Amino acid sequence: MNDKVESQYKSTLNLPDTEFPMRGNLAKREPELLARWEEMGLYQQIREARAGRDRFILHDGPPYANGTIHAGHAVNKVLKDIIIKSQTLSGKDAPYVPGWDCHGLPIELKVEEKVGKVGEKLSASEFRKHCREYAAEQVDGQRTDFKRLMVLGDWDNPYLTMDYKFEADIIRSLGRIIDNGHLHKGFKPVNWCSDCGSALAEAEVEYQDKKSLAIDVKFAFAEPAKLAQAFGVERALPASLVIWTTTPWTLPSNEAVSVHPQIEYSLVQLNEQQELLVLASDLVEAALQRYGIADYEVIATATGSAFGQLAGQDSAPFMLQHPFIPAADGSAKMVPVITGDHVTADSGTGAVHTAPMHGADDYVVCNQFGITSERMLVDDAGNFVATPVLEALELAGLSTADKGNFRVLGLLVENNALLKKEKFEHSYPHCWRHKTPIIFRATPQWFVSMTQAGLLENAKREADENVSWRPSWGKARIESMMNNRPDWCISRQRTWGVPITLFTHKQTNELHPNTAQLIEQVAGLVEQQGIDAWFELDAKALLGDDAEHYNKVTDTLDVWFDSGVTHTAVCLQREGLQLPADLYLEGSDQHRGWFQHSLLTSVADTGKAPFKTVLTHGFVVDGQGRKMSKSLGNIIEPKAVMNKLGGDILRWWVADTDYSGEMNVSDEILKRTADAYRRVRNTCRFMLANINGFNPATDMVSGDELLPLDAWIVDYSRELQNSLIAYYNAYDFKSLTKALMNFCVSELGAFYLDVIKDRQYTCKADGLPRRSAQTALYHILEAMSRWIAPVLSFTAEEIWENLPGERGDSVMLAEWYQQFPQTAQHTLGDAYWRRVLEVKQAVNGALEKARNDKLIGASLSAELDLYVSDELKAELEKLGDELRFVLLTSAVRLHALGDDGEATDVKGLRVSVSASELHKCDRCWHHSDTVGSNEQHPELCNRCVDNVEGDGEVRRFA
């Protein structure tokens, strides 16, 4: 626009204007909004506004109260917040009660670093006090960061598993599970971490590759003649059954050797040594090659049942001589050959060294044969204990992890029992906290039985019939986790945890007959005083004189029990919550963790699953798909992202990423996310700027009066809203962000907003053409502020504050927009405008080519000749003179389709571009033969004169 227009006609234009800034400056301004939300009590206002409505309950899985939040935390909390806010916009009462898991070993270790171990510098009670204080500090830090993510919730009243009331409710849940017959005490091999000094639950075990010492060991048959008879051979030679193991340190605890009753075994004669070995037939060649033995002969075969005792069999078993452990009388210790279905011939030798104190299968098969061990030979720290035998063998005090293993090798060599030793790499269970290999160790523990009262089968039925697993593979995953699941060891030998509040008889180990009443009494004390009430309790206070006959259990509960019973400790205790919850949402690792333990405890307690739907998300990795680590320097910290780019950018990344698998993030990915965000923001800013001066109470145009293009965009927005709500309800946020971006880029940016600029800027301010467009923009903005609110919460609130008209204090208090007007019956439909948009895109290409060829400058300096099919001509003629405004040129002429013009991608359309020879209007910049026809305004075209001095142009068409 030249200087003359700048001075003379600028004031006559409706130039865009808004206080909504181009730059969001999110990092600085978002905290200001959060402070305002907090000051106005927004969360409570939402609760009051939705009181009495249908409920939607998303139950929060508690993060552990230790350390700053990471990208995985951010993904989890933002996904939950998006869902809660979208359900609230649907008019539902959707409270969000966040929680934290506060007991357990990680906190103990942190406190030990700061104040020392229990018994060294402070008492157990003092230690627990420090643990409680440390957990509270961690909760405060994480809460601040979660709130900064613009997650709305009851942050002033979260649930904490260390709250006295919560600790009491954990104990009450245990009591009900006991009443339902699911608890038992056993002396069983459990996952044991020597660093933790405690048993581990299955969910606390992760598998990593490990190089172990693998050995082949000979167990000599006590009666070679008996073996020869079993194999049907006449001559009896010294013979040995060979085992293969990767845990040499467990050999001192060997009580049997297992073979499979149906597997074929070979009696192999070593010709040079004149001795016999028994090996699974399928493994003979591989085993002897491993031993470096070439001169051998298979002289007979037999199944394992021929020399292995069958369960329930009364006949005397075949006995083996332990390689180095003596019996009480000084002779060699004898162990039986037994049969077990757990034995395979896939690798090794087909015979399994069986130590019931160190293996679940070993424990089960030995129980079937009535074989028990005298005592545990390995202590809590993973060292051999001091017994006369182990001291004599120089094993006492040695670590099973290293020196003990090598001493066992030495004993095998000394007794000519070692056939082979080698390194063997395999997947081995590790402690998920210390990342160190665990051991299997039998200790007295408390278990929730999977078979008593049918718990596992009932849980599997609930998971199959009454729960929706999303993605669908989650169902198979939970089933695989629960198939053949062992009993759940719920006891821990720790200080900072909810106690197992039981009394057991000193002689019979039976629970006190009044256990149910006692548990409630203890729960009442804990509710008032916390868990110290149990640890410091004198049994006489509850049992009276009976106390001398009972032991008070001092073990603590597995923290998975704490979080597993939140369904009753939270959902049934908090006003406004309910069971089953509509949704549990956590990372995919929680199939083996929180999901499974919540399901088991709920079924054990109530017989029902605690959730209707379980939704999982993947792990966050870097842009190359690598796990984030300090060593790689690829960690993306949520706080750093929010301080640099803002929370809305992080939230858009979460929504715009397919969370069903691994979620890639990097600085470059976040930069692209910020670019996408700016597109949405600038689109909204343009619309806000162009409803400047619009008062919906007085300036709104009815649906019947909307111009056809405006009616179309309003109708399209209404249908888009239906799709977006469906995406929210389906938790399909990737499709949601794609649809929003396409709307901003395609329907709005590349078409509607481009076309209406002329009407907005040049038509009479209060004339129908401008008010019609403003009405459409107003409806779109009212709807869009709601559409983006669950994801771009700050930006939505900012739009809300800049919209004209009366409204509530926050978009978060609103519901989906329902005031779209009903448009006139003659309104051109979506298919029609899609066809026009295709034509416009083709014309844009032709204009760009003409511009590059220096034929034209701006598109308004061009005139178009369109050569079109009869069908397309009839369609475009409906636009009348409006066609030139849609195509942003000064003139458009329609001709019958022929060979003239350049071909386009649109069927039935050829285009010819020419430079207009008419004068340019200094106000609207269109070229028109009416420029100069008005003596008072010779620089203007007639329609601008009418818009400046007259009643304003009329833009009715079709």
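The shown structure was predicted, so the numbers you read here are calculated from the model rather than taken from an experiment. Residues: numbered from 1 along the sequence shown.
Salt bridge status for E126 with K121: absent, with no side-chain N to carboxylate O gap under 4.0 Å. By the 4.0 Å N-to-carboxylate-O rule, R128 lies close enough to D532 to be salt-bridged with it. A salt bridge links E167 with R132: the distance from a Lys NZ or Arg NE/NH1/NH2 to an Asp or Glu carboxylate oxygen falls below 4.0 Å.
Panel note: side chain Q321, backbone A332; no donor-acceptor pair is recorded below 3.5 Å. The backbone N or O of V378 sits less than 3.5 Å from a side-chain atom of R441, completing a donor-acceptor pair.
Using a 4.5 Å heavy-atom cutoff, the side chains of Q309 and F318 are not in contact.
Side-chain contact, W488 with D558: a donor N or O sits under 3.5 Å from an acceptor N or O. Neither side chain, Y428 nor D209, offers a donor N or O lying under 3.5 Å from an acceptor on the other.
When all heavy atoms of V352 and I243 are compared, the closest pair comes out as C-CG2, 4.2 Å.
Within 6.0 Å of atom NZ in K210, more than 12 heavy atoms from other residues, nucleotides or ligands are found, so the atom counts as buried in its surroundings. For Q507, the CD atom is loosely surrounded, since the number of other residues' heavy atoms within 6.0 Å does not exceed 12. Within 6.0 Å of NZ on K403 lie no more than 12 heavy atoms contributed by other residues, nucleotides or ligands.
The side-chain contact (heavy atoms from CB on, under 4.5 Å) test applied to P444 returns K185, F187, not counting sequence neighbours.
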**Report entry** Derivation and outcome, side chain to side chain donor-acceptor pair (under 3.5 Å), residues S125 and S123
**Finding:** CA-CA 5 Å; S125 178; S123 68; 5.0 Å; no
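Ring centroid separation for the pair H184 and W446 does not come in under the 6.0 Å cut-off.
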